[in-house]
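Here is the naming used below: chain letters follow the sequence lines, and residue numbers restart at 1 for every chain.
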Number of protein chains: 2
Amino acid sequence: MAQSLPDLPASGDAGRSVPLPAVTRMPVYLAAVESLLAEGISTVSSEALAAACGVGASIVRRDLTHAAPVGRRGVGYDTAELAAAIRAFLRVDRARPLGIVGAGRLGTALAHYLSDPRHGFEIRAVFDADPDRVGQPVGSLTVSAESDFREIARARGLELLVVAVPGSAAQGVTDMVAGTSVTGLLNFAPVPVRAPAGVSVRNVDLATELQVLSHFAPASGGADGEAADPLPANTKTGV
Amino acid sequence: MAQSLPDLPASGDAGRSVPLPAVTRMPVYLAAVESLLAEGISTVSSEALAAACGVGASIVRRDLTHAAPVGRRGVGYDTAELAAAIRAFLRVDRARPLGIVGAGRLGTALAHYLSDPRHGFEIRAVFDADPDRVGQPVGSLTVSAESDFREIARARGLELLVVAVPGSAAQGVTDMVAGTSVTGLLNFAPVPVRAPAGVSVRNVDLATELQVLSHFAPASGGADGEAADPLPANTKTGV
DNA sequence: GAGTGTGAAGGAATTCACAGCA
DNA sequence: TGCTGTGAATTCCTTCACACTC
């Protein structure tokens with residue numbers, strides 16, 4: 001390192017971006033801090049937080065200086081302040097308008113789960129391509145026709161979209177979001193999708209998760225010489 | 001909290017372990033290769049596979065030498081052979097016996113989704129603590145009482161367990177698996193669980209995933225100076 | 001020539017260790 | 001003294017470039 005050019009690392013980009021692994025840990029911290037808040041605890045140390053989240057203390061400190069630098073030396077972090085800072089970092093300090101495409105079993109399960117406002121989201125629409133499902137109730141909402149997506153997305157200001165449709169339909173749904181207010185897409189369909197510019201995509205394939213787990217889980221009763229290395233601690237998101 | 005202690009590095013283990021990021025990419029490769037197989041394509045290059053999976057070609061080669069070293073120089077990878085090798089690596093070369101705890105909306109949705117044998121799993125039991133749900137059908141199975149878990153798990157040789165119960169019940173369910181044939185646990189409850197020794201845990205919290213996505217998805221229409229760095233490509237599992 | 005396997009270089013994230021503030 | 005914030009060291013993963021095989 002230390003080549004001739006001192007800085008100017010990311011050309012033109014002012015981007016002081018937080019490492020992705022750190023971002024994925026923030027919701028874990030947030031959940032832990034909210035739990036402390038609920039118990040009336042007003043201060044927490046990096047060590048205590050680390051223990052609650054199953055990570056090292058120094059990584060907690062580094063993460064928080066990146067994303068929520070509200071610690072006080074010799075004291076710790078004020079829980080209320082820290083929770084607010086993390087929520088702001090994750091942009092869930094206001095409930096974000098959310099839509100779900102696919103009113104099948106998975107889609108409706110997600111709709112009910114995410115309707116808890118504590119998660120930071122507000123479900124404003126559920127769509128389905130099947131005419132039989134359109135008009136059916138899901139929680140306090142009514143299923144809308146997928147063909148009305150663009151209009152409704154704009155009208156209701158949807159910012160995030162959960163895609164819970166069959167794999168064959170996923171790319172089509174993804175293409176729909178171009179030019180709408182949607183800037184993030186959580187894809188549960190078991191196929192990769194290419195998103196329009198300006199839209200972030202995160203894929204969550206349940207079968208994939210299980211297969212990864214499967215690798216680390218030996219057949220039991222196995223007196224096979226195979227030791228099967230352990231899964232390195234808090235893998236994956238939610239610790 | 002983490003499950004297994006951070007250390008205890010599989011003592012005595014000669015440890016030639018594949019990097020975790022590489023493991024998480026294997027299901028993606030597998031899906032792509034199976035798709036090629038279905039098209040009757042019998043050979044694939046690292047470059048072609050990389051393009052299909054949205055990663056670099058050299059990482060594909062490195063991953064495959066780690067986990068499925070079946071390439072032929074100057075030729076490429078035989079798709080059938082590669083698929084078999086990856087399945088073996090992930091231990092899904094035989095359908096793995098799987099149980100689901102929690103027959104609520106999410107649990108039943110997962111049950112139906114995973115009942116497709118192509119994923120490499122065979123659902124052998126669905127449990128619930130609610131007596132009203134016990135005896136109800138889920139697909140071709142009948143919901144069993146959670147209190148019968150240990151007995152049924154042993155009898156049916158369950159190796160993996162999907163936990164789809166409320167957060168308050170997750171640790172209790174996790175504790176149940178001690179001493180059974182279950183060696184892997186996929187936790188959907190939004191709380192960290194500590195697993196018994198010898199059991200790998202992977203947490204998948206849907207709210208967490210959305211919060212991570214939320215960070216990368218700016219409020220639309222935003223003329224806010226905030227540029228919001230883009231999500232670094234194929235984050236998370238499925239490509 | 002085509003394309004894998006791999007040492008070596010490069011970069012990113014974690015961990016260490018301690019300086020600095022309350 | 002207690003605990004955060006942070007340069008420096010370390011470890012891990014990725015990328016490069018090419019030797020080697022078909």
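- When atom types are taken as modelled, the side chain of Ser200(A) and the backbone of Gly184(A) share no donor-acceptor pair closer than 3.5 angstrom.
- In terms of heavy atoms, Ala189(A) sits closest to Val165(A) at CB-O, 3.5 Å.
- Crowding of Glu34(B) atom CD: a count of heavy atoms from other residues, nucleotides or ligands under 6.0 Å exceeding 12.
- In this structure, CZ of Arg73(B) is placed 6 Å from C1' of dT21(D), rounded to the nearest angstrom.
- With Ser214(A) contributing its side chain and Leu90(B) its backbone, the two residues share a donor-acceptor pair below 3.5 Å.
- Separating the CD atom of Glu47(A) from the P atom of dA17(C) is a distance of 15 Å, rounded to the nearest angstrom.
- Put simply, the side chain of Arg72(B) and the base of dC22(D) share no donor and acceptor less than 3.5 Å apart.
- At the phosphate of dG3(C), neither OP1 nor OP2 sits under 4.0 Å from any side-chain N or O atom of Ser45(B).
- Neither OP1 nor OP2 of dG2(D) sits under 4.0 Å from any side-chain N or O of Tyr77(A).
- A straight line from CG of Leu82(B) to P of dG3(C) spans 16 Å, rounded to a whole angstrom.
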Legend entry - Under 4.0 Å protein heavy-atom contacts per nucleotide of nucleotides 10-15 of chain D, with B for base, S for backbone only and - for none: ---SSB
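- Applying the salt bridge (charged side-chain N to carboxylate O under 4.0 Å, His left out) definition to pairs two or more places apart or across chains, those involving residues 71-83 of chain A are Arg72(A)-Glu81(A).
- In this structure, Leu64(A) atom CG and dT15(C) atom C1' are separated by 16 Å, rounded to whole Å.
- Taking every heavy atom of both residues into account, Asn187(B) and Asn203(B) meet most closely at ND2-OD1, 2.9 Å.
- Looking at heavy-atom distances under 4.0 Å, Arg61(B) makes contact with a base.
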